[in-house]
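Predicted model only: the values in this text are computed from it and were never measured. Just the heavy atoms: all of them, side chains too, but no hydrogens, waters or symmetry mates, feed the values below.
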Amino acid sequence: MNIKDVAALAGVSPATVSRCLNNTGPLNKVTRARIEKVVGLTGYDVNQTSKQVDWNHNPTIGVMIPSLLNPVFSEIVSGIQKRARHFGYSVIVVDTQYERSLEKQAIIDLIRQRVAGVILTTTSVEDNEALSLLREFNFPFCLVHNQSSDEPCVYVDNYQAGSEVAEQFLALGHKRIGMVAGCFQSSDRAKQRYLGFTERLKKDLSLSSVQLIEVDQYALTPFDQTQSSFFDSSSAPTAWFCSNDLLALKLVNHLKTKGVLVPETVSVVGFDGMALGQILYPPLATIQVPHHDMGICAVDLLFNAKHKSALSLARKLDYQTHFVGTVAECQPSVMRSVI
């Protein structure tokens with residue numbers, strides 16, 4: 001981090017930064033406060049010598065994702081790296097573990113690394129400190145999976161996809177329907193899938209209430225006893241929509257250990273289109289999302305934003321429904337009796 005970087009973030013000239021740090025000239029309070037905030041944010045040392053080694057010589061893109069354990073984000077990063085290399089850029093990846101509290105620090109760390117821009121997936125675009133920081137300093141960024149009406153982003157229509165899953169369950173004759181979702185507080189994508197899913201189900205007057213189970217999507221351990229009770233009761237849903245494939249695979253495994261046939265007795269649909277889900281038997285029914293293409297597209301949108309291109313900064317990609325394998329027509333003969 002050098003004085004030019006501080007000046008660029010603060011939106012002033014290097015000379016103005018110098019006057020502020022060395023108290024060698026007049027400066028209004030607003031400008032001084034802004035420069036001091038950047039210095040505090042980046043950890044810039046005014047006493048560093050000009051002989052200090054510039055470790056970040058190569059242009060770099062910062063990437064902030066919720067989890068390195070989820071293969072979905074590995075696919076996205078793979079696409080980002082492929083496209084970044086095309087432009088001569090390297091990539092730094094930071095994992096926030098779906099924790100909103102870690103996002104702001106992750107962005108601070110990336111800015112300190114002097115990245116050219118940031119590609120990120122946040123818990124939510126609403127009241128987000130990490131995004132507020134990027135916006136405040138006009139730092140180039142592009143959202144992946146998060147949808148924004150007026151900022152660079154690449155996404156799929158989560159609401160519509162959730163609605164299509166509901167439509168499929170209804171078409172197959174399911175009346176007792178539920179959803180297993182990651183905590184909405186840590187994933188606005190899961191919330192949009194839920195809203196689309198439930199809004200479509202509400203239009204069917206013959207349907208009983210929709211059961212929702214919110215779980216920690218970061219935990220790869222089996223469902224606990226309380227969670228398991230929702231799946232194991234005689235009145236449990238005959239069809240479950242899971243907000244991601246990892247949760248769907250976890251549920252399929254749980255049902256099989258309990259001797260429940262999938263999809264003969266209970267149908268399960270996930271979301272993402274993970275390759276892992278397709279090599280199991282039966283293959284996981286899911287919404288297939290082009291995650292690798294998302295990563296490629298995000299790099300292009302980031303550079304468009306960085307160079308203030310007149311091209312659209314938002315890109316909605318198509319998803320594919322894959323309603324085979326773990327989803328089937330409801331069979332009244334094997335339905336659990338309602339308590």
Please determine which of Gln192, His145, Arg315, Lys316 meets the side chain to side chain contact (heavy atoms under 4.5 Å, CB included) test together with Tyr155. Lys316
Would you check if the side chain of Ser78 reaches a backbone N or O of Ser74 as a donor-acceptor pair within less than 3.5 Å? no
May I ask you to decide whether Glu164 forms a salt bridge with Arg200, counting only side-chain N to carboxylate O separations under 4.0 Å? no
Which distance, rounded to the nearest 0.5 Å, do you find between the OG of Ser163 and the CZ of Arg193? 14.5 Å
Taking the side chain from Thr265 and the backbone from Val260, do they hold a donor-acceptor pair closer than 3.5 Å? no
Under the 3.5 angstrom rule, does the side chain of Thr286 hit a backbone N or O of Gly273 as a donor-acceptor pair? yes
Go through the side-chain N and O atoms of Arg189 and Asn158 and say whether any donor and acceptor fall under 3.5 Å apart. no
I would like to know whether Glu129 and Arg100 meet salt bridge (Lys or Arg N to Asp or Glu O under 4.0 Å); could you show each step before the answer? CA-CA 9 Å; Glu129 288 187 301; Arg100 180 184 286 261; over 6 Å; no
More than 12 foreign heavy atoms under 6.0 Å from CG of Asp150: is that the case here? yes
Taking Asp272 for the side chain and Val72 for the main chain, is one N or O donor matched with an acceptor at less than 3.5 Å? no
Measuring only between side-chain heavy atoms, which start at C-beta, is Glu99 closer than 4.5 Å to Ser101? yes
What's the verdict on side chain to side chain contact (heavy atoms under 4.5 Å, CB included) for Val93 and Phe73, showing C-alpha distance, side-chain angles and the deciding distance? CA-CA 11 Å; Val93 180; Phe73 294 106; over 6 Å; no
Min side-chain heavy-atom separation Val215-Leu247 under 4.5 Å: yes
Measure the shortest side-chain to side-chain distance between Leu276 and Asp245 over non-hydrogen atoms and say whether it is less than 4.5 angstrom. no
Roughly how far, to the nearest 0.5 Å, is CG of Asp204 from CD1 of Ile177? 7.5 Å
Minimum heavy-atom separation for Thr122 to Asn146, with atom names? N-OD1, 2.8 Å
Any side-chain heavy-atom pair of Ile92 and Val63 under 4.5 Å: no
Checking the side chain of Gln147 only, and the main-chain atoms of Asp157 only, is there a donor and an acceptor separated by less than 3.5 Å? no
Between Ala181 and Leu212, the two heavy atoms sitting closest are CB-CD1, 4.1 Å
Scanning both residues in full, the closest heavy-atom pair of Ser235 with Arg176 reads O-NE, 3.3 Å
Close side-chain approach of Tyr319 to Gln288, heavy-atom, < 4.5 Å: no
Could you walk me through whether Leu143 and Val125 pass the side chain to side chain contact (heavy atoms under 4.5 Å, CB included) test, one step at a time? CA-CA 9 Å; Leu143 292 161; Val125 296; 3.8 Å; yes
Surrounding CD of Gln185 (heavy atoms of other residues, nucleotides or ligands, distance under 6.0 Å), is the total greater than 12? no
Side chains of Gln211 and Trp240: does their closest heavy-atom pair fall under 4.5 Å? yes
Residue pair Cys242, Met179: steps toward the side chain to side chain contact (heavy atoms under 4.5 Å, CB included) verdict: CA-CA 6 Å; Cys242 300; Met179 182 169 181; over 6 Å; no
Ser186 versus Thr123, side-chain donor and acceptor atoms under 3.5 Å: no
For Gly79 and Ile296, work out which heavy atoms get closest and say how close. O-CG1, 3.5 Å
Has the side chain of Ser67 got a donor or acceptor atom that lies under 3.5 Å from a matching backbone atom of Leu69? yes
Taking the side chain from Glu199 and the backbone from Gly196, do they hold a donor-acceptor pair closer than 3.5 Å? no
What's the shortest heavy-atom distance between Ala116 and Lys306, and which atoms? O-NZ, 3.2 Å
Between Tyr89 and Phe303 (judged by ring centroids, cut-off 6.0 Å), do the two rings come close enough to count as a pair? yes
Okay, side chain of Ser229, backbone of Thr226: is any donor-acceptor separation there less than 3.5 Å? yes
For the side chain of His174 and the backbone of Ala328, is there at least one donor-acceptor N/O pair under 3.5 Å apart? yes
For Val327 and Ala285, the nearest pair of non-hydrogen atoms, with its separation, is CG1-CB, 3.7 Å
Would you say the side-chain atoms of His291 pair up with the backbone N or O of Val289, donor to acceptor, closer than 3.5 Å? yes
Begin with the C-alpha distance, continue with both residues' side-chain angles, and end with the deciding distance and a verdict on side chain to side chain contact (heavy atoms under 4.5 Å, CB included) for Ser243 and Tyr194. CA-CA 8 Å; Ser243 64; Tyr194 170 75; over 6 Å; no
I want to know whether Phe241 and Phe169 have ring centres closer than 6.0 Å. no
Side chain to side chain donor-acceptor pair (under 3.5 Å) between Gln278 and His322, intermediate numbers included: CA-CA 10 Å; Gln278 303 311 304; His322 186 72; 2.9 Å; yes
